[in-house]
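Atom set for the values below is all heavy atoms of this structure, side chains included, hydrogens, waters and symmetry mates excluded.
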Amino acid sequence: MHDQLDLNLLRVFDALLQECSVTAASERLHLSIPATSRALGRLRRAMNDPILVRAGRAMAPTPFALRTAPRVRALLDEASALISADRELDVAELKRTFTIRINDSVAATLATDAAEATAAVAPGVTLRFVGEGNESREALRDGSVDLDIGAGDAAAPDFRTARLYRERMVGIVRADSPLGRHRRPSLAQLCQHPHVSASRRGRSRGPLDDALETAGLRRHVAAVVPSFAVAALLIATSNYVGLGPRRLAEQYGEVLGLRWFPIPAELPEIDVSMLWHARLDADPAHRWLRETLRDALAV
């Protein structure tokens, strides 16, 4: 007869899938290694699956475990919200890992502020930042991602969204570039230098090209890279000019030896927002995280 699955066993399952290690999972759960190993045995019998299998020196989840993990994560979140719905949240005692999906250029400017703001009052909280790559909303629905930060919108009735700040694109060049000597270079001056374009989808054309076309101008894109962060590093070691978020330019410009300037064209501003699933809307811990990030990052 299969063992009955209880909430504690599901927590062990969740920890094992996140750590892929009995030892690491036991540390996360504050259990002994033998107790965690016994729990894994119960899970294997109850689910009729090995859950984790040896892969060289490490452990790897089975296909069944990978399919099941998001549903277990969602169940744990719902159970946590149900249990704590009428209780006052003790942030200082909160033990929880929040998975936040974010692209690397936004993470470069927000991760430090977000981590410091949460660690200051909730030392037991871990912010697990994961990169973009799969923007499927299902990751928010099934609980494998708690919060999505980027330039998206709700797009479905079961999602909630809140704007963090509005971003403006600026020009970026190496500090000793001839173009950097101009406080406000003209569009014609911009076109005299090779450009680097930041596009995760490999696109070389963007809103700047539309503005240039209207003015009868055209730029030469010499390189296309997957993110603004990579573009900034490339510009710091070349004579390229590129576009980047103003917040990124302000925060890292001096450190990387870059100079930034406004673009003399009406480029669209970008709303950077938080997106989450409606089932977490009333969860006290998730609500605290959203409020903390909003206060730390909003400008």
Side-chain angles (χ1 to χ4, degrees), residues 18 77 89-133 135 139-140 144-154 159-172 175 198 200 225-233 235-236 242-262 267-277 280-281 283-299:
Q18 291 194 47
D77 286 342
L89 179 67
D90 186 352
V91 176
E93 297 298 321
L94 182 61
K95 305 290 184 184
R96 187 160 166 181
T97 296
F98 294 98
T99 299
I100 301 173
R101 184 166 58 190
I102 190 170
N103 69 54
D104 62 348
S105 56
V106 177
T109 59
L110 303 191
T112 299
D113 289 341
E116 289 181 349
T118 54
V121 294
V125 165
T126 298
L127 299 184
R128 177 173 172 261
F129 294 100
V130 296
E132 291 182 334
E135 286 70 48
L140 289 164
S144 52
V145 170
D146 296 297
L147 199 61
D148 202 328
I149 297 181
D153 52 38
F159 291 106
R160 304 290 183 265
T161 187
R163 192 178 79 183
L164 286 172
Y165 63 92
R166 179 164 287 177
E167 183 65 273
R168 179 179 291 277
M169 304 302 289
V170 297
I172 303 174
R200 191 163 45 82
V225 296
S227 73
F228 291 117
V230 175
L233 293 174
I235 293 168
L243 297 183
R246 178 170 174 169
R247 183 181 281 232
L248 182 71
E250 288 178 333
Q251 188 165 336
Y252 292 102
E254 185 175 351
V255 174
L256 295 176
L258 299 172
R259 187 186 302 275
W260 67 270
F261 50 83
L267 301 182
E269 294 185 328
I270 302 169
D271 284 336
V272 177
S273 304
M274 298 184 291
L275 182 71
W276 66 94
H277 193 262
L280 292 173
D281 206 33
D283 176 33
H286 199 276
R287 185 170 59 244
W288 164 81
L289 174 68
R290 300 193 305 265
E291 292 172 353
T292 300
L293 294 182
R294 183 196 60 206
D295 293 342
L297 307 177
V299 292

**Criterion side-chain contact (heavy atoms from CB on, under 4.5 Å) on Leu147 and His286, from CA distance to verdict** = CA-CA 9 Å; Leu147 199 61; His286 199 276; 3.9 Å; yes

**Message:** Please evaluate residues Arg200 and Asn103 with respect to the criterion side-chain contact (heavy atoms from CB on, under 4.5 Å), reporting the C-alpha separation (whole Å), side-chain torsions for both, the decisive distance (0.1 Å), and the verdict.
**Reply:** CA-CA 10 Å; Arg200 191 163 45 82; Asn103 69 54; 5.6 Å; no

**Item:** Step-by-step side-chain contact (heavy atoms from CB on, under 4.5 Å) determination, Leu289 to Asp146
**Value:** CA-CA 10 Å; Leu289 174 68; Asp146 296 297; 5.6 Å; no

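Under the side-chain hydrogen bond (donor to acceptor under 3.5 Å, both in side chains) criterion, Glu269 pairs with Arg168, not counting sequence neighbours. Among residues two or more places apart in sequence or in another chain, the salt bridge (Lys or Arg N to Asp or Glu O under 4.0 Å) test is passed with Glu291 by none. With sequence neighbours excluded, no residue forms a side-chain hydrogen bond (donor to acceptor under 3.5 Å, both in side chains) with Arg259. Checked against side-chain hydrogen bond (donor to acceptor under 3.5 Å, both in side chains), Thr99 has the following partners two or more places apart in sequence or in another chain: Arg128. Shown here are the side chain to side chain contact (heavy atoms under 4.5 Å, CB included) partners of Ala162, two or more places apart in sequence or in another chain: Met274, Trp276. In this view, Trp260 satisfies the side-chain hydrogen bond (donor to acceptor under 3.5 Å, both in side chains) rule with no residue, not counting sequence neighbours. Residues forming a side chain to side chain contact (heavy atoms under 4.5 Å, CB included) with Ala122 (at least two apart in sequence, or on another chain): Val91, Val125, Trp288. Every side chain to side chain contact (heavy atoms under 4.5 Å, CB included) that Ser227 has, sequence neighbours left out, goes to Asp104, Ala229, Val230. With sequence neighbours excluded, no residue forms a salt bridge (Lys or Arg N to Asp or Glu O under 4.0 Å) with Asp113.
Taking each heavy atom of Leu140 and His277 in turn, the nearest pair found is O-CB, 3.6 Å. Nearest heavy-atom pair across Pro123 and Ala92 is CD-O, 4.2 Å. Taking each heavy atom of Phe129 and Ala114 in turn, the nearest pair found is CZ-CB, 4.2 Å. Here the closest heavy-atom approach between residue Gly244 and residue Phe228 is recorded as CA-CD2, 3.9 Å. When all heavy atoms are compared, the tightest approach of Ser273 to Thr161 is CB-OG1, 3.7 Å.
Atoms CG and CZ, on Leu280 and Arg287 in that order, are 11.5 Å from each other to the nearest 0.5 Å. In this structure, CG in Leu258 is found 7.0 Å from CD1 in Ile235, a value given to the nearest 0.5 Å. To the nearest 0.5 Å, atoms CZ (Arg101) and CD1 (Ile149) are separated by 11.5 Å. Between the CG atom of Leu248 and the CE atom of Met169 there is a distance of 9.0 Å, given to the nearest 0.5 Å. Rounding to the nearest 0.5 Å places OH of Tyr165 at 4.5 Å from CG of Leu110.
Distance alone, capped at 3.5 Å, places no donor-acceptor pair between the Tyr252 side chain and the Ala232 backbone.
Residues Phe98 and Arg290 have side chains not in contact (no heavy-atom distance under 4.5 Å, counting atoms from C-beta outward).
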